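Here is the structure we will look at, set down as structure tokens.
What you are looking at is a predicted structure, and each value in this text was computed from that prediction instead of being measured.
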Amino acid sequence: MGCFCAVPEEFYCEVLLLDESKLSLTSQQQGVKKSTKGSVVLDYVFRHLNLVEIDYFGLRYCDKNHQTYWLDPAKTISEHKDLISTGPPYTLYFGVKFYAEDPCKLKEEITRYQFFLQVKQDVLQGRLPCPFNIAAQLGAYAIQSELGDYDPYKNLAGYVSEYRYVPDQKEELEEAIERIHKTLMGQVPAVAESNYLSVAKSLEMYGVDLHPVYGENNSEYFLGLTPVGLVVYKNKKQVGKYFWPRITKIHFKETQFELRVVGKDCSETSFFFETRNKVACKHLWKCCVEHHTFFRIPENDPNTLSRKLSKLGSLGSRHRYSGRTASQMCRDLSIQLPRPDQRVERSRSKTYPKRSALTQQPGSNNLEQVMTNGENVENEGTTKIIAPSPIKSSKKVKRDNSPDTQRSKASAPWEENGSARYSTVQYNVFINPYV
């Protein structure tokens, strides 16, 4: 009589970490299967990295259209249909999900180190642009963390060119980094990384999670989720900023996204945007709910929390952020932090041949122009592991939701720092945006 024993489920997943290393998760070694909850997968990663301040971090994945999503801790792997359709094997990207408003105040050195790696990657891949002087300062702190004090006998001419800090890095910047590096004597890696974060947190695009949307007459906008609120960009200029405490409702229906805001006169105004499809609209809504909950909802009043969550709900969707809020993490006394005798193992960055051994590339040395071109990320300045961008470029289309409709490319709003105010009676644009 034949044997009809069930064939063991094979599962293989690679988690790409911020230090460019990989963590393999398999059904044989860790017992991870498609029926495993996302929270279990996250726990494996957190234990591997020795992280305790875990609620700032998450795992992302790309669908076949290169749109990125966060792994939901409450769902099984198999319930992430867009992930399952890409494998096996499956690829997850570890990274910062909620950027601390002041990362220097994170309690543990290992947490600050992971933030340092994430922000350094953001700068390198063009998601966090900065002017020349700031780029040089950040590069100097990064190389101080990597190499320690400048040593003329070890750090020979062109040593900075062995590392990559910005897209399409130029020799002019490397010379500036070297000059500043010589002044940072005595800074241990933890101090240099903290100084790096102290400078980076002041940049306009620090921690901004961008989502492409459309407004009046199909005009293109970007909604940026930040630690302090939601920022609106149009034509590469900031045209609206809504702080989380003033946002009273986040709603979506089909491809329409609604944001309701309380103004300074206590009146409520709703702003409407269109997204490219239903999936993108729901994804934007989920990200907004999670950011609003993490950064601004008080945890000491259950009635207030429930009331606010109910206003953020949309149709039949029941998505809720289940982790701790930023306020709860700061007040959590269940674990004494920082833990005593914790040692941070730092990985070496990928190196390249010195510039003196390379053929000089023609072109401008204007770093500010280079850094605002987010599409140069895959050139010389890329790291070994390329994490997916938090957003997928959108394209203008007719509102027929047809998958076959051709779309033109959208522009990321980081080339200019605008602060224009708009006043209009059209509610799908902006009324007194800085509220």
Side-chain angles (χ1 to χ4, degrees), residues 17-21 48-51 53 94-96 100 102-125 128 130 132-167 169-203 206 338-358 367 380-385:
L17 305 175
L18 290 171
D19 64 358
E20 305 183 15
S21 64
H48 175 79
L49 296 173
N50 193 27
L51 281 173
E53 297 174 278
F94 175 78
V96 175
D102 187 353
C104 301
K105 293 183 179 180
L106 295 167
K107 296 179 181 179
E108 291 212 306
E109 181 182 338
I110 182 63
T111 314
R112 295 191 294 273
Y113 174 59
Q114 293 296 329
F115 262 77
F116 164 72
L117 292 176
Q118 176 69 79
V119 177
K120 186 158 70 94
Q121 185 184 93
D122 292 344
V123 174
L124 174 60
Q125 296 183 4
L128 181 56
C130 48
F132 182 92
N133 61 322
I134 299 298
Q137 193 174 2
L138 293 177
Y141 286 131
I143 209 164
Q144 176 71 19
S145 171
E146 184 98 24
L147 303 180
D149 292 344
Y150 173 81
D151 186 337
Y153 297 102
K154 294 181 180 179
N155 306 135
L156 304 179
Y159 74 99
V160 177
S161 66
E162 295 183 73
Y163 301 90
R164 296 292 179 268
Y165 299 114
V166 299
Q169 186 168 298
K170 303 297 184 183
E171 187 174 11
E172 179 186 3
L173 176 67
E174 293 163 2
E175 293 172 352
I177 290 174
E178 180 177 343
R179 288 194 296 270
I180 299 175
H181 181 210
K182 294 176 180 179
T183 69
L184 303 181
M185 301 291 288
Q187 291 192 17
V188 297
V191 173
E193 291 157 10
S194 182
N195 287 334
Y196 185 104
L197 293 173
S198 180
V199 173
K201 71 179 183 182
S202 64
L203 294 171
Y206 165 77
R339 292 167 290 175
D341 303 323
Q342 290 294 309
R343 182 179 178 182
V344 177
E345 295 291 339
R346 290 173 169 84
S347 301
R348 297 301 300 269
S349 301
K350 181 180 179 180
T351 57
Y352 300 78
K354 285 186 179 180
R355 185 174 293 277
S356 58
L358 299 174
L367 183 70
E380 184 183 9
T382 57
T383 56
K384 179 170 60 178
I385 293 175

Task: Between Gln118 and Asp122: side-chain donor-acceptor atoms closer than 3.5 Å - done: yes
Please find the pair of heavy atoms, one from [X] and one from [Y], that lie closest to each other, and give the distance.
X      : Y      : result
Tyr163 : Ser349 : CD2-CB, 4.3 Å
Ala192 : Ser145 : CB-N, 3.9 Å
Leu138 : Ala200 : CD2-N, 4.1 Å
Ile177 : Ala136 : CG1-O, 3.6 Å

Got a donor-acceptor contact below 3.5 angstrom from the [X] side chain to the [Y] backbone?
X      : Y      : value
Glu20  : Ser347 : no
His181 : Gly148 : yes
Gln144 : Gln187 : yes
Arg112 : Leu106 : yes

Gap separating the [atom1] atom of [X] from the [atom2] atom of [Y], nearest 0.5 angstrom:
X      : Y      : atom1 : atom2 : answer
Leu124 : Arg164 : CG    : CZ    : 9.5 Å
Asn50  : Arg343 : CG    : CZ    : 13.0 Å
Leu156 : Lys154 : CG    : NZ    : 11.0 Å
Lys105 : Ser198 : NZ    : OG    : 11.0 Å
Gln114 : Glu53  : CD    : CD    : 11.5 Å
Leu184 : Lys182 : CG    : NZ    : 12.0 Å

Side chains of [X] and [Y] in contact at under 4.5 Å (non-hydrogen atoms):
X      : Y      : value
Asn195 : Val199 : no
Val188 : Glu193 : no
Pro103 : Lys201 : yes
His48  : Leu17  : yes
Val119 : Leu128 : yes
Phe94  : Leu49  : yes

Look at [X] together with [Y] and state whether they make a salt bridge at an N to O cut-off of under 4.0 Å.
X      : Y      : result
Lys120 : Glu146 : no
Glu174 : Lys354 : no
Arg339 : Glu108 : yes

Open item on the list: Exactly one of Tyr206, Tyr141, Tyr165, Phe116 should register a ring pair (Phe, Tyr, Trp, His ring centres under 6.0 Å) with Tyr196. Which one does?
Closed with: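 Considering Tyr206, Tyr141, Tyr165, Phe116, a ring pair (Phe, Tyr, Trp, His ring centres under 6.0 Å) with Tyr196 is found only for Phe116.
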TODO: Can you label the angle between the Tyr150 ring and the Tyr159 ring as parallel, tilted or perpendicular, going by 30° and 60°?
DONE: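 The rings of Tyr150 and Tyr159 sit tilted, inter-plane angle from 30° to 60°.
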